[in-house]
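To start, the structure itself, in structure tokens.
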Amino acid sequence: MSKSFNKVNTNIDLSLLTIKTEKEPKKEMVTKINNSIVKMDTYDELDNRNIAIKHAIQILNQQWRLNGLRPRTIDSYNYNFKRFVEVTKVEYIHEINNEKIYQYLSSFKNAKDTSLHGRLKQIKAVLSKCHDNGWYNSKFWTNIKIKVNTSVKEATTERELAILLSLLDKSTYSGLRDSIGILLLYKTGIRIKSLGALRE
């Protein structure tokens, strides 16, 4: 698979953000029986949730970019949600429900709980953004959970940290840099990728 799969378009199209969030007034559906007009039902001509998945994803991508999400995170959301759409065959936002989410999760044969948990977490992140946009009235997906048994790793002790730092030559630039990085990781819990992206 190409590395450019679902790469984020960096151009911002503000016209995508003008989608209606208010429901149109209800319209009456009528039919004729023996040349008499009979009221049959009412329907929303334009339901704010009746948004095509393709259009919704375009909007979400631009919102994520404007919110400062990292491109790799956005690519991951796109990849996972595209797979969700392919498996469940949904075309509109309002078609997504708990049954569709379970259908998607069950499509992974012999998958580990941790893998399913990660995929579910991403689907929930996308749907939560849809909720924030007013496309859902409730977060119906919150009750779907996957129990993951994780082993807790033992934390590094200060003695072990001191031994590691003593092995570095702090008189050199790289030794000093690595020592500061290790201390930052230990004291703050910052992720190593975020540590590498720090600038003055």
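Since we're looking at a predicted model, the values are computed, not measured.
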Let me see the working for I96 and Y136 under side chain to side chain contact (heavy atoms under 4.5 Å, CB included), right down to the final yes or no. CA-CA 10 Å; I96 299 174; Y136 289 117; 3.6 Å; yes
Atom pair CD1/CG of I57 and N78 - distance to nearest 0.5 Å: 6.0 Å
Y173: which other cluster members, linking ILVMFWY side chains closer than 4.5 Å, directly or transitively? none
May I ask you to decide if T157's main-chain N or O and E160's side chain share a donor-acceptor pair within less than 3.5 Å? yes
Do F84 and V126 make a side-chain contact, defined as non-hydrogen atoms from C-beta onward lying under 4.5 Å apart? no
Distance-only check: which donor-acceptor pairs under 3.5 Å involve side-chain atoms of residues 97-106, not counting sequence neighbours?
{"residue": "N97", "atom": "OD1", "partner": "E99", "partner atom": "N", "Å": "3.1"}
{"residue": "N97", "atom": "OD1", "partner": "K100", "partner atom": "N", "Å": "2.9"}
{"residue": "N98", "atom": "ND2", "partner": "F140", "partner atom": "O", "Å": "3.3"}
{"residue": "Q103", "atom": "NE2", "partner": "V87", "partner atom": "O", "Å": "3.3"}
{"residue": "Y104", "atom": "OH", "partner": "N80", "partner atom": "OD1", "Å": "2.3"}
{"residue": "S106", "atom": "OG", "partner": "Y102", "partner atom": "O", "Å": "3.1"}
{"residue": "S106", "atom": "OG", "partner": "Q103", "partner atom": "O", "Å": "2.9"}

Qualifying residues under side chain to side chain contact (heavy atoms under 4.5 Å, CB included), relative to E91, sequence neighbours excluded: E95
Is K170 reaching over with its side chain to a backbone N or O of L165, donor-acceptor style, under 3.5 angstrom? yes
So, S128 side chain and A125 main chain: donor-acceptor pair closer than 3.5 Å or not? no
Does a donor on one side chain and an acceptor on the other come within less than 3.5 Å for Q63 and D132? no
My understanding is that only residues two or more places apart in sequence, or in another chain, count here; which of them pass side chain to side chain contact (heavy atoms under 4.5 Å, CB included) with N67? L69, K129
Tell me whether I192 at atom CD1 has more than 12 heavy atoms from other residues, nucleotides or ligands lying less than 6.0 Å away. no
Taking all non-hydrogen atoms of both residues, which atom of W135 and which atom of A56 are closest, and how far apart? CZ3-CB, 3.6 Å
Nearest heavy-atom pair of I190 and L184: which atoms, and what distance? CG2-O, 4.0 Å
Residues in side chain to side chain donor-acceptor pair (under 3.5 Å) with S138, at least two apart? none
Taking it one step at a time, do I182 and L168 satisfy side chain to side chain contact (heavy atoms under 4.5 Å, CB included)? CA-CA 11 Å; I182 290 168; L168 298 173; 3.8 Å; yes
Can you find a pair of side-chain heavy atoms, one from T73 and one from W64, that are under 4.5 Å apart? no
Would the distance check show the side chain of D169 and the main-chain N or O of S171 forming a donor-acceptor pair, the cut-off being under 3.5 Å? yes
From F81 CZ over to S76 OG, what is the distance, rounded to the nearest 0.5 angstrom? 13.0 Å
Given side chains that start at C-beta, do those of N133 and I51 come closer than 4.5 Å, heavy atoms only? no
Output the distance between atom CD (Q122) and atom CZ (R83), rounded to the nearest 0.5 Å. 12.5 Å
NZ (K139) with more than 12 external heavy atoms under 6.0 Å: yes
How long is the straight-line distance from NE2 of H117 back to NZ of K145, given to the nearest 0.5 Å? 10.5 Å
Applying the 4.5 Å side-chain criterion to the ILVMFWY set and letting contacts propagate, would L161 and L167 be lumped into a single cluster? no
Is there a donor-acceptor pair closer than 3.5 Å between any side-chain N or O of K124 and the backbone N or O of I144? yes
Answer with yes or no whether the hydrophobic clustering places F108 together with I123; edges join I, L, V, M, F, W, Y residues whose side-chain heavy atoms lie under 4.5 Å apart. yes
Could you name each residue pair satisfying side-chain hydrogen bond (donor to acceptor under 3.5 Å, both in side chains) that touches residues 185-199, not counting sequence neighbours? none
In Å, rounded to the nearest 0.5 Å, how long is the span from CG of L60 to CZ of R65? 15.5 Å
